[in-house]
Structure formats: structure tokens, C-alpha cells
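What follows is a set of notes on a single structure, which appears directly below.
All values below were derived from every heavy atom in this structure, side-chain atoms included, with hydrogens, water molecules and symmetry-related copies excluded. The chains referred to below are lettered A, B, ... by the order of the sequence lines, with proteins before strands, and numbering in each begins at 1.
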Amino acid sequence: MKRWMQSPLMTFAVIIAVWEGIALAQWFPETLFPSVDTVVKALIKLGAEGALISRIAYSIGIILMSMVMSLLAAAVLLWLSTRYKSMARQIGYLEAIFNPLPGMAVLPLVILWVGVTHKGMLLIMMHAMVWPIWAQMRVRFDALKQTYAAFMKAYSITGLRAGYHVYFCGSVGELLSSIKTAWSRGWRALISIEMVFGMVGTHTGLGWLIYERRMYMDTAGLYGVLLVIALIGVAVEQGLRTIEDRFRS
Amino acid sequence: MREEIDHQLPLIKIENLTKRYQDTTILSALSFYLAPEEVLVIMGPSGIGKSTLLSILANLESYDGGHIQYDSRLFDRIAVPLPVVFQGTETLMPWMTVMQHLLLVAPNLEEAETRQILERVALWEHRLKKPSELSGGMKQRLAFARALACQSKVILMDEPFTGLDEALKESLYQLLKEVQRERGLSIILVTHDTREAEKLGNRILELKSAEMLIEKIPGSSD
């Protein structure tokens with residue numbers, strides 16, 4: 001199959017063509033199902049007003065901050081679980097408890113503890129991102145330990161040398177893959193949280209913009225924001241996949 | 001003709017070595033020595049405890065009784081106690097180049113020495129390649145080069161040629177013998193392959209059971 005046929009842009013092109021076909025057929029009222037050019041015009045208008053760019057910047061900023069904090073937290077958890085067997089078990093239990101819980105499920109607790117604040121948003125984001133990173137990296141670290149423990153002992157490879165050359169360099173592929181999973185979980189959680197937080201007065205990123213467009217009955221703008229969210233998700237996914245492929249080759 | 005080995009000043013002297021796993025005695029009161037510049041082969045069937053013995057010598061496992069005396073000459077220049085060439089090539093790291101493998105075990109290795117070792121095992125031209133780009137023989141040579149990089153006078157080898165075809169084994173035997181002579185290395189090689197033992201060993205110790213270690217003369221049919 002040709003390379004361009006596998007591109008995500010092809011998927012978008014097909015969706016847009018089908019969308020436009022349905023819109024032109026006028027099976028639904030235009031307010032509910034606007035044509036592609038109406039959506040694009042609404043998007044341009046949002047961009048010109050400055051709302052779109054600032055909301056994108058806010059959402060991306062929050063997710064990047066959460067990603068850095070989650071990576072640091074996962075690194076500490078990994079160090080503890082590699083260093084102490086009993087900690088590995090305890091953190092494993094925590095992962096089993098928290099990993100299946102969606103961010104929205106812990107939202108009421110977070111609101112109770114820290115209120116509807118940026119801190120609360122970061123906490124929920126970290127909850128969504130840290131566990132997939134830890135779980136995937138833990139499996140890799142265990143495999144590396146099993147394969148190289150005797151070798152490292154025989155050649156006195158310990159401390160930072162073992163940490164960097166064996167554990168870190170040996171798990172870059174898995175790290176990228178876990179970041180990809182964390183990103184998609186985080187992105188999903190962020191949009192939901194922003195909608196809820198926006199509803200109670202913390203007017204923030206793209207999630208809130210969706211909610212706001214719906215309130216103003218700006219359906220074309222709403223679809224436009226959804227399109228932007230999808231495009232950002234696909235762009236990041238593609239970027240990470242490219243880095244991962246380059247590393248693995 | 002086999003070389004004369006100085007048996008008066010052993011590099012490693014093992015006396016009454018005993019190892020138990022729970023109630024099972026794996027090794028019982030074994031005594032032997034490693035002389036300078038000799039290849040000592042420890043033979044025996046699978047599961048008899050050869051690799052355990054090697055792990056104890058490499059300080060990878062503890063022992064329950066007896067005494068191991070390492071000659072102080074062993075620790076003059078080396079960075080690690082005794083480098084081990086493990087069975088197979090699984091301990092090579094897929095993300096590292098040939099050169100990086102050497103620098104991992106010997107970070108202070110000088111460039112000239114690195115080049116000399118890699119040229120000796122015919123890997124200098126492949127120094128920037130990763131294990132996935134190397135053939136089976138090259139990988140085994142890299143595992144050996146990694147042990148050489150530690151600059152130890154003693155190298156421990158745990159069935160390093162298992163799984164290789166006969167032609168490849170022959171070329172590796174020759175390389176091993178040449179490098180061993182050139183560098184004056186002492187090697188303890190564990191194997192279950194009689195032919196390999198005969199080809200490489202200056203002395204062969206056959207582990208018959210936990211407590212029975214019989215010295216065989218290479219070339220004899222016993």
C-alpha cells in the first residue's frame with residue numbers, strides 16, 4: 001500500500017468528504033450538521049478573536065507540565081521499586097487500585113481536597129499519566145534486571161552507570177511507548193476536566209471552549225474545536241511514533 | 001605440544017569448597033587450583049553444578065564452606081574481580097555499539113587499547129555496529145573482547161560456544177588460544193563438550209558428582 005494511503009491525513013480526508021456529502025444532502029438541519037466550510041470559517045473566526053490560540057496554549061501547557069511531573073514521579077516510583085522489593089509490591093498494589101480508575105472518577109475527591117484549581121487539574125492529570133508510564137517501565141526494568149543482573153554484578157556495573165547505560169538506554173523504546181499511552185490518557189482526561197472545571201467557573205483550555213461554544217449554540221465552532229483537538233492528538237501521536245521508529249531502527 | 005605451566009604459584013586456590021541449596025548439596029569439599037597462563041576446563045554433564053562453581057568464583061554466588069584464595073597479582077590492574085563470558089550472547093545490549101560495550105565494562109580504557117582489542121578479535125571495522133548487525137561469531141567475539149577490556153589476567157567462561165556451528169567453533173577456539181597465549185591469560189572454561197575440552201584445555205577437571213572432581217589429561221581417552 002502506498003505511504004500516503006496510510007497517512008492520518010487520508011483518514012481525515014475521508015471523514016471530511018463523508019461529512020461534506022451528508023451536509024450537502026441536507027439530511028439534518030444545518031445548525032446541527034454544518035458544512036465543512038462553515039466549520040472552517042467558525043474556526044478562523046475563533047482564531048482571529050485569539051480565543052483558540054490561548055486555549056490551545058493553555059491545554060498544551062497543562063499537559064506538558066503534567067507529563068514532566070508524571071515522568072519524575074514515575075522515575076521515583078521506579079527507583080523505589082527497583083531498589084526495594086517490598087516497595088515494588090506495595091507500588092504494584094497501588095497501581096492495581098488506581099490505574100483502572102478514570103480521571104473523572106477521582107475528580108470529586110480532588111475537588112474536595114484542593115478545590116477547582118490548577119493544582120487539582122494537575123493532580124488528576126498526573127493520576128491519568130503516571131500509572132501507564134510506571135507499569136510499562138516496570139515490566140521493562142524487570143526484564144532488563146533478569147537478563148543483565150549477573151552480567152552487571154560480574155562486571156561491577158552499579159549506580160549511575162547501571163541506571164543510565166543499562167536501565168535508561170535499555171528502555172528508551174518503552175519509555176516513548178509509555179509516553180504515548182500517557183499522552184492519550186492525559187489528553188482525554190484534560191478535555192473532560194476542563195469541561196467540568198469550566199462549568200464551575202475556572203474558564204480554561206480547549207475543553208471549556210467546547211462547552212462555551214455549545215452554550216452559545218455555535219455548533220460550527222464546537223465542531224471546529226473538536227477538529228482541533230483531534231488534529232493535535234494525531235500530530236502528537238505521529239511525532240512520538242516517528243521518534244519511536246527512528247529509535248528502534 | 002602442550003606448554004609448561006607453573007603450578008607452584010596458583011592464581012586461584014580453592015580448598016574444600018561446599019555449596020548447598022536448602023537441603024541439597026551441590027558442591028561438596030572440592031579442591032583445585034588455577035595456574036598462571038593455563039586454560040583449565042571444568043567438564044561435566046548438565047546440572048551437575050559447573051556453572052554454580054563458576055558463579056562462586058566470579059563472586060556472583062555465595063558458598064557455604066571452604067576457602068577461595070585469589071592471588072594478589074590478579075587485582076593489580078583490573079577494574080572488576082573476574083570477568084565472565086556468559087553462555088550465549090544474551091548479555092550483549094542491543095542498544096549499544098561494539099565500542100560502547102567495551103567502554104561500559106572498562107570506562108577508563110584508553111583508545112589505543114580499545115583499538116588493539118577490537119582489531120585482535122576482528123571487530124574494529126564493526127565498532128559502530130550494534131549486536132543485531134553482527135553475525136553469531138562476531139557476537140561471541142564481542143563477548144570475549146568485553147572480558148579482555150577488563151584487563152584481567154583471569155577470565156571465566158561459561159559454555160561460551162554453545163549453539164554455534166562447528167566451523168565457527170573451530171575459528172573461535174583458535175582465536176581464544178592465540179589471545180590467551182599472547183596476553184598470558186588464565187582461563188577457567190566450563191563446558192560439557194569433550195571435544196572442546198580436549199582442544200582448549202591445558203588441564204581438564206571432570207565434575208562427576210557434588211564431591212568428585214577428577215583430573216584428566218587432555219588427549220587421554222579416559
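Residues K153(A) and L60(B) come closest through the heavy atom pair NZ-O, 3.3 Å.
A donor-acceptor pair shorter than 3.5 Å can be found between the side chains of E196(B) and T191(B).
Of the atoms belonging to F151(A), heavy atoms from both backbone and side chain fall under 4.5 Å from chain B. Heavy-atom distances place both the backbone and the side chain of V166(A) under 4.5 Å from chain B. If you measure heavy-atom distances from L57(B) to chain A, you find no contacts under 4.5 Å at all.
In this structure, Y58(A) has its ring center closer than 6.0 angstrom to the ring center of H118(A).
Here L123(B) contributes atom CG and E125(B) contributes atom CD; the two are 10.0 Å apart, rounded to the nearest 0.5 Å.
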